[in-house]
Amino acid sequence: MREERTKLLLTWLGLSFMVIFCLTPFFFMIMVSLSKDPTFLSLQKVKYLLTLRNYIHILRAGSLHFPAYLRNSLIISALVAIFATFVAGLAAYAFSRYRFPGRVLIPLGVLGISMFPQISVVGYLFKIMTGLGWINTYNALIFPYIAWALPLALWIVLSYFMQIPQELDRAALVDGASRFQTLYKIIFPLALPGLFSTALLVFIFSFNEFLFALMLTTDQAARTIPVGIALFQGLHGEIPWGHIMAASTISSIPLVLLTVGFQRYIIQDLTKGALKG
Amino acid sequence: MNQGLKAKGLWGIYGFILPLFLFIFGFILFPVVGTFWTSLFRDVAFLPKRFLGLANYIRLLKDPNFWRSARFTLLFTFGSVALEVALGTIFALLLNEKLPLRGWLRAAVLIPWAIPIAISARVWELGYNYNYGLANYLFLKLGICSGPINWLGSGTGAFLSLLLADIWKTTPFVTIILLAGLQAIPEELYQQAKVDGTNFYQRFIKITLPLLRPVLLVAILFRTIDALRIFDLVYVLTHGGPGGMTTSLSLYGYKFFLSSDFGYGSAVSVACFLIAFSLSILYLRVGKFGRN
Amino acid sequence: MKKILFALLMASLLLVTCTRREGKLTFMVGGAPSEVEFWEKLTESFKEETGIPVDLIRQPTDTDQRRQGLVIPLKSKQKDPDLFLMDVVWIGQFAASKWLQPLDGYIRREGFLLEPFFGRVLESADRYNGKLIALPVYVDGGLLYYRRDLLQRFGYRAPPRSWPELVRCAVKIQTTLRRENPNFWGFGWQGAQYEGLVCNFLEFAASNGGGFTTQEGKLCLNLPENIEALEFIVDLIHRYKISPPNTYTEMKEEEVRSLFQSGNALFERNWPYAWSLHQSGGSAVKGKVGIAPLPGFAGKPGASALGGWHIGISRYSDAPAQAWEFVKFVTSYKVQKELVVGLGWNPGRVDIYDDQEVRGKIPHLQALKGVFQTTVSRPNLPYYPQISEVIQRWVNRALAGKIGAKEALDKAQKEAEKVVRAYE
């Protein structure tokens, strides 16, 4: 009985710690974004005044280009999510249905490739993009992001496809459908939740990506949110923390909503990816 | 299960795999080879290009800043992974309990993972601010120290600051994976052990850990390779400082790209790649071993 | 299905082309808010006069980040930005990397006069391989700011002409004033690990007869005069204690200016920009500030590091002729005069310094003219940023008291030699 009680106490203490640990920086960010003076925690007594001014400023100030960064991030991430999932779906169909040399090794190899450090790719990628004239365009980010997201997307979609029995395929083929039609009309609809959650993960990854965006874009024509906020300097000698936190909060909202809203899918995907390995 | 249909017409299925190949070859494998190739040259914006063979690597081996970056990166990786796994295990154990509001708790845990590193790094940057950061405010209020600490101003301080920011961001991932592993352990084993009169600690050591091992290994290896390539956090929070003491390998290479010395920067990148590559081979070996 | 995808891909490519700025001039600027406002007004008047629109791209305040923001578009041969401001120390790298348009053609064709500019600055900074690739917009040199009222109060007639004199004066006044104001410091200067530290160190070293190059022009950091100078500034923090301990962790231009402007410092080493801010409303030291050339060591003349920003045209610009019009506009007498009167900056044109109106409004400009004609330059090498990083690191370590002055400079020299070998 004693053990039960201590266990309960420890559990509640542990959970409180966990929640405080995970949420404090998040709430700190929001608090500063709503504060007139970001230095309200300093030793000199600075009052905390609630205001929306920071938000208004970053959305209005043309030279900060924050809306442009947001737009770029959303469009690029969405396009990458769609294309990467589609390409992964195509390949996963082949890997899950057909025997051919490399059927096992290739996905494993692809997973190994996902371990590459971005730095080993970005230097030459910069040269390629310069040569193509794509620096500071959406293409400079879309194509590498798709490539980079494919390993994880492939594994997740593959694990979903493998759960779909092949009898369905045979039935469709017997009815005279082509392989592509089978995929499009039968497999995709059945695996839709899996495809959706893959696209979700890819979206989150693309939105968060930093190094490629840092090196392959130069201004608001194609620059994304993470780089925009990292380089956010403002006009004063002092760093405009209020503005930065407001921008950060706005940028975090879509991701937090997606993550919390679809947490079941996300958790499924992450664990599939890991347990498979 | 995967008996697989015979491939009818080779181009048929290869057509399905082709896009995957094109993307991965074109935008990952080709650039990696290109980086290797560039590292063999003197490729500086203001000097004529020249073939150097392995000269950049010799310079690398003699470069104390490179070794310092490597030391920092390795120390940081192992420190971070150890702490994440420990904390992640605790969190996973907690979340595994039958609790009310479980969905909300899980959501809370996912929030650090959802926020981009570059953004959360700025929040931490403010948090560690000497004059008005949250860290010093809490420390002073709780009486942990008498004066404000200059977190980002010393090598040790910056290292610890980075460590905390990193485990905050990555523990959720480890937690989720370990939680799935925990949920796969049959309840009957615990019931039987309770009947046999063991306490919590014994059950943990004898049942939980061994059955969790494969998942732990996966989490550790994955996170290790991921931590080795750290860039975002270091770039935004400390800019590699103070004095280059928290410059990770990736950041070190990047700095040379910015000075338009692509040759040497590529050599650093290759070094970083080789370290990650050897570890990924290890990962695949263990993965295969785990399956069998 | 495939058609939809194809359409999507085309649409995304179209999006790409739509976001290009066609045919406009783009100009990269950075710095403090007053600076950006000034440029905004300027580009508007330029548009009125010539009809050419200019887009401003705003950069961060930090000079290293500004350079990084330029290296990527230039290295990738982007058409934007057409024009940009360069810190005097980057010109070597940019010119050697062939990122700048030579201006000699335009100068010869239009009979553009170079005499009105500071000859020394033009020759040491704006020329590469004999070609002129930039023009100075404003020049900078380190200065000594001092509290006239405090010196008077303690019976000093004039600001110190030598460093030992400055130390004696600062110790005396600081000890007395500390009784009322525990935050008072004798001497604020930039010692944090960044480019500004190199300027400060160069000034101290050169004012002792040292510098970064030998007589033959070879890079040499550990001259005995430099070591002495480094020992001296380490003492300022740790022995005489007239400079605060965060000199080597935090003190950059703005932090030092804050210290002095809030009334908490007797002497300040800073750039000329601080003057008008010290004299602005709300400043605790308004009307109490004097400026003087920096002191030297016993018997030797003081030295002022050459700073400043120059304007250049990108070699990949798609509108070089219009860009040249803008360059002429910015370096014209009229605009340079506005620069002085409006921002308190020091024009790159010498003739402004003799202008009656300017002399009336900014009397100390005459003194500055002399300073700018005798500045000491940082090495104009294409790989200067790497050398600077080496100097910054070792000098800062010495300032932190972690290493001796001689050891620091010897190690710096060894590392610098490696850099030279790698890039020559």
Side-chain angles (χ1 to χ4, degrees), chain A residues 3 7 11 14-15 18-19 22-23 25-26 28-29 32 39 41-42 87 90-91 93-94 97-100 108 110 112-113 115-121 123-125 128 143-144 146-147 150 179 207-208 210-211 226 229-230 241 244 248 251-252 255-256 259-260 263 267 270-271 274-275 277, chain B residues 4-5 7 12-13 16-17 19-20 23-24 27-28 31-32 34-35 38 90-91 94 97 106-112 114-116 118-120 122-123 126-127 131-132 134 137 176-177 180 199-200 218-219 225 229 231-232 236 250 253-254 257 262 265-266 269-270 272-273 276 280 284 287:
Chain A
E3 191 191 293
K7 186 174 175 199
T11 307
L15 284 172
M18 184 179 86
V19 173
C22 289
L23 293 181
F26 182 65
F28 181 55
M29 171 179 85
V32 176
T39 66
L41 286 180
S42 70
V87 172
L90 287 178
Y93 182 66
R97 260 79 183 132
Y98 293 95
R99 294 169 112 192
F100 54 89
L108 276 178
V110 159
I113 288 178
M115 298 294 159
F116 287 8
Q118 289 93 327
I119 191 74
S120 62
V121 166
Y124 202 74
L125 212 54
I128 295 176
F143 285 87
I146 294 178
L150 277 174
R179 263 177 255 105
F207 201 95
N208 293 7
F210 188 69
L211 179 52
I229 292 193
W241 288 114
I244 296 179
S248 304
S251 314
S252 308
L255 296 168
V256 170
T259 307
V260 170
Q263 54 166 297
I267 292 178
L270 291 179
T271 51
L275 290 179
Chain B
L5 306 161
I13 27 133
F16 283 94
I17 312 182
L20 179 83
F23 272 105
I24 293 199
F27 294 99
I28 302 185
V32 169
T35 303
T38 312
I90 297 176
F91 286 179
L94 287 168
E97 299 295 316
R106 268 203 330 229
V109 165
L110 276 179
I111 286 190
I115 302 181
I119 292 183
S120 59
R122 295 229 77 178
V123 180
L126 177 59
N131 288 317
Y132 41 81
L134 186 62
Y137 178 77
I176 297 296
I177 295 190
N199 65 28
F200 178 75
V218 167
I225 297 174
R229 49 188 183 178
F231 180 86
D232 312 17
V236 179
S250 292
Y254 174 75
F257 289 144
F262 271 72
S266 296
S269 308
V270 168
C272 188
F273 171 82
S280 84
L284 290 177

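Basis for what follows: all heavy atoms, side chains included, without hydrogens, waters or symmetry-related copies.
When B:Gly265, B:Gly34, B:Ala118 are compared by the number of non-hydrogen pairs under 4.5 Å with chain A, B:Gly34 comes out ahead. Counting heavy-atom pairs under 4.5 Å between each of B:Val109, B:Leu126, B:Ile176, B:Asp232 and chain A puts B:Leu126 at the top.
At a 4.5 Å heavy-atom cutoff, the contact between A:Phe116 and chain B is made by backbone and side-chain atoms alike. Only the side chain of B:Val236 comes within less than 4.5 Å of a heavy atom of chain A; its backbone N, CA, C and O stay farther away. At a 4.5 Å heavy-atom cutoff, the contact between B:Thr38 and chain A is made by side-chain atoms alone. Interface remark: A:Ile229 contributes backbone and side-chain atoms alike to the contact with chain B (heavy atom separation under 4.5 Å). The contact between A:Ile128 and chain B is made entirely by side chain atoms (from C-beta outward), counting heavy-atom distances below 4.5 Å. Of the two parts of B:Phe231, only the side chain, counted from C-beta on, holds a non-hydrogen atom closer than 4.5 Å to a non-hydrogen atom of chain A. Only the side chain of A:Val19 comes within contact range of chain B, judged by heavy atoms closer than 4.5 Å.
Residues A:Ser120 and B:Thr35 share a closest heavy-atom pair of O-OG1, 2.8 Å. The shortest non-hydrogen separation linking A:Gly123 to B:Phe262 is O-CE2, 3.6 Å. Closest approach of B:Val123 to A:Pro25, counting heavy atoms only: CG1-O, 3.6 Å. Looking at every heavy atom in both residues, A:Leu125 comes nearest to B:Pro31 through CD1-CG, 3.7 Å. Closest heavy-atom contact between B:Tyr254 and A:Ile119: N-CD1, 3.7 Å. Looking at every heavy atom in both residues, B:Ala107 comes nearest to A:Val260 through CB-CG1, 3.9 Å.
Contact check for A:Ile146 versus B:Phe27: no side-chain heavy atoms found under the 4.5 Å cut-off. Within the 4.5 Å cutoff, no side-chain heavy atoms of B:Phe16 are placed close to those of A:Tyr98. Looking only at side-chain heavy atoms (C-beta outward), A:Cys22 and B:Ile111 stay at 4.5 Å or farther from each other.
Formation of a donor-acceptor pair under 3.5 Å by the A:Ser252 side chain with backbone atoms of B:Ile115 is not found in this model.
Going from atom CD of A:Gln263 over to atom CG of B:Leu110 covers 6.0 Å, rounded to the nearest 0.5 Å. Going from atom OG1 of A:Thr11 over to atom CD of B:Glu97 covers 5.0 Å, rounded to the nearest 0.5 Å. For the atom pair CG (A:Leu150) and CD1 (B:Ile28), the distance works out to 7.5 Å, reported to the nearest 0.5 Å. Of the inter-residue distances, the one linking B:Arg122 atom CZ with A:Met29 atom CE reads 13.5 Å to the nearest 0.5 angstrom.
With sequence neighbours left out, the side chain to side chain contact (heavy atoms under 4.5 Å, CB included) criterion links B:Ile90 to B:Leu94. Applying the side chain to side chain donor-acceptor pair (under 3.5 Å) criterion to A:Gln118, with sequence neighbours excluded, gives no partner residue.
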